[in-house]
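We name chains A, B, ... by the order of the sequence lines, and we start the count at 1 in each one.
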Number of protein chains: 2
Amino acid sequence: MADRVDPVLTSAGYLLLKAGTQFHGIIDDALRTVDLTARQFLVLTFAGGTEPLSQSELSQRLGLDPTIVLGVIDGLEDRDAIRRTRDPADRRRSLIEITAAGRRLYTRASSAVAAAEREFLAPLGGADRKALRANLLAIMEHRLPWLGSSDG
Amino acid sequence: MADRVDPVLTSAGYLLLKAGTQFHGIIDDALRTVDLTARQFLVLTFAGGTEPLSQSELSQRLGLDPTIVLGVIDGLEDRDAIRRTRDPADRRRSLIEITAAGRRLYTRASSAVAAAEREFLAPLGGADRKALRANLLAIMEHRLPWLGSSDG
DNA sequence: TATTGTTATACTCTATAACTATA
DNA sequence: TATAGTTATAGAGTATAACAATA
């Protein structure tokens with residue numbers, strides 16, 4: 001099958017590209033029900049982590065320009081989902097923490113995202129889903145160093 | 001490992017998102033050696049297919065606005081990589097065909113892309129690479145209908 | 001002198017609407 | 001009347017550079 005189609009169009013790389021952009025659109029749609037963008041959702045995810053992050057750390061992990069992160073943070077702060085606190089140890093840095101309201105929002109948002117992911121991966125059986133995740137993790141682990149594969 | 005990281009950040013969906021955007025950057029870099037963008041490369045790929053496509057068909061397959069496709073086509077035509085021909089059966093449509101020079105360019109470009117893909121997938125062994133591609137194909141097949149899984 | 005966060009500005013990219021020609 | 005392609009324009013999104021506060 002698909003013999004008359006250019007091999008590029010069935011390559012892992014091309015499919016990865018298309019899967020990424022399509023899934024991005026899908027979670028944006030799913031998150032619209034809680035009035036969040038994918039980008040805001042990710043900021044909220046990082047803000048809910050164990051250690052508070054500064055804005056510059058956040059921009060590194062998101063792979064976004066600091067000036068863009070700024071706007072996202074402003075929006076989430078206006079909605080009382082996150083809070084800025086000056087770092088006492090270095091008063092230049094502002095630490096981003098999630099609020100109680102932000103946590104409630106995040107709970108609703110992440111269940112919407114999880115549902116969208118389930119639907120997106122529906123063509124795969126359980127074993128294949130697991131294999132896909134493991135393979136993606138193997139590829140991306142060293143590109144997302146803060147996943148912290150082995151530091152105490 | 002990674003127990004202190006939010007489950008969202010190790011989910012298949014999130015990894016897919018990051019893999020997609022990072023790989024996009026990687027092929028843009030790789031294609032810079034032949035002075036092409038990822039988008040131009042894909043247009044060239046479709047233009048080199050068995051049947052000539054119109055601009056509107058092209059925009060459907062690329063998932064891009066027709067006005068954007070227009071600009072890409074203009075650029076590739078200026079470089080004599082593709083050629084516009086009026087469809088004799090419907091003189092409103094302009095069919096996009098690849099030229100001989102375009103084919104030479106495509107050959108160089110696709111080997112650059114293939115090398116980038118090999119490097120990107122390097123953490124995976126042969127069996128895992130095959131599994132990844134098969135899983136992505138299973139997910140995307142019905143979302144990329146022109147892959148034509150079974151039409152004569 | 002370097003860095004964090006911020007603001008203001010310019011630039012690129014994308015989408016919208018209007019137009020021509022074909023059907 | 002509807003569609004393919006084109007053009008012009010407006011809008012969103014992004015990056016660049018300059019500034020204030022802190023180190």
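Between Ser56(B) and the phosphate of dG5(D), there is a side-chain N or O to OP1/OP2 separation shorter than 4.0 Å. Proximity of Ser94(B) to the phosphate of dG5(D): a side-chain N or O atom is located under 4.0 Å from OP1 or OP2. Side-chain nitrogen and oxygen atoms of Arg84(A) include at least one within less than 4.0 Å of the OP1 or OP2 phosphate oxygen of dT6(C).
Donor-acceptor pairing under 3.5 Å, judged by distance alone, is present between the side chain of Arg92(B) and the base of dT3(D).
If you check every strand for non-hydrogen atoms under 4.0 Å, Ser54(B) touches sugar and phosphate atoms only. Within the 4.0 angstrom heavy-atom criterion, base atoms lie near Leu70(B).
Comparing atom distances between the Ile68(B) side chain and each of dT14(C), dT7(C), dT14(D) picks out dT14(C) as nearest. Listed nucleotides dA15(C), dT4(C), dT22(C) differ in distance to Arg91(B); the shortest reach to its side chain belongs to dT22(C). Closest to the side chain of Asp90(A), from the set dT6(C), dA23(D), dA23(C), is dA23(D).
Annotation: of the two residues near DNA chain C, Leu64(B) and Glu57(A), the 5′-most nearest-nucleotide partner is Glu57(A).
Aromatic ring orientation, Phe120(B) versus Phe23(B): tilted (interplanar angle from 30° to 60°).
If you measure from atom CG of Asp74(A) to atom C1' of dT6(C), you get 9 Å, rounded to the nearest angstrom. Put simply, CG on Asp28(B) is 11 Å from P on dC13(C), counting in whole angstrom units. Atom CZ in Arg86(A) sits roughly 8 Å away from atom P in dG5(C) (whole-Å rounding). Distance CG (Asp65(A)) to P (dT4(C)): 14 Å, rounded to an integer number of Å. Rounded to whole Å, the distance from CG on Leu62(A) to P on dA15(D) is 13 Å. Atom CZ of Arg93(B) and atom C1' of dT20(C) are 18 Å apart (whole Å). Atom pair Arg39(A):CZ and dG13(D):C1' shows a separation of 8 Å (rounding to whole Å applied). One atom, CG of Leu58(A), and another, P of dT6(C), lie 12 Å apart when rounded to the nearest Å.
Electrostatic pairing of Glu57(A) and Arg93(A) counts as a salt bridge here, judged by a charged N lying under 4.0 Å from a carboxylate O.
In this structure, Thr99(B) contributes its side chain and Ala81(B) its backbone to a donor-acceptor pair below 3.5 Å.
One finds the CD1 atom of Ile139(A) at 6.5 Å from the CG atom of Leu16(A) (value rounded to the nearest 0.5 Å).
Inter-residue side-chain proximity for Leu15(B) and Leu9(B) is flagged as unmet; no heavy-atom pair is nearer than 4.5 Å.
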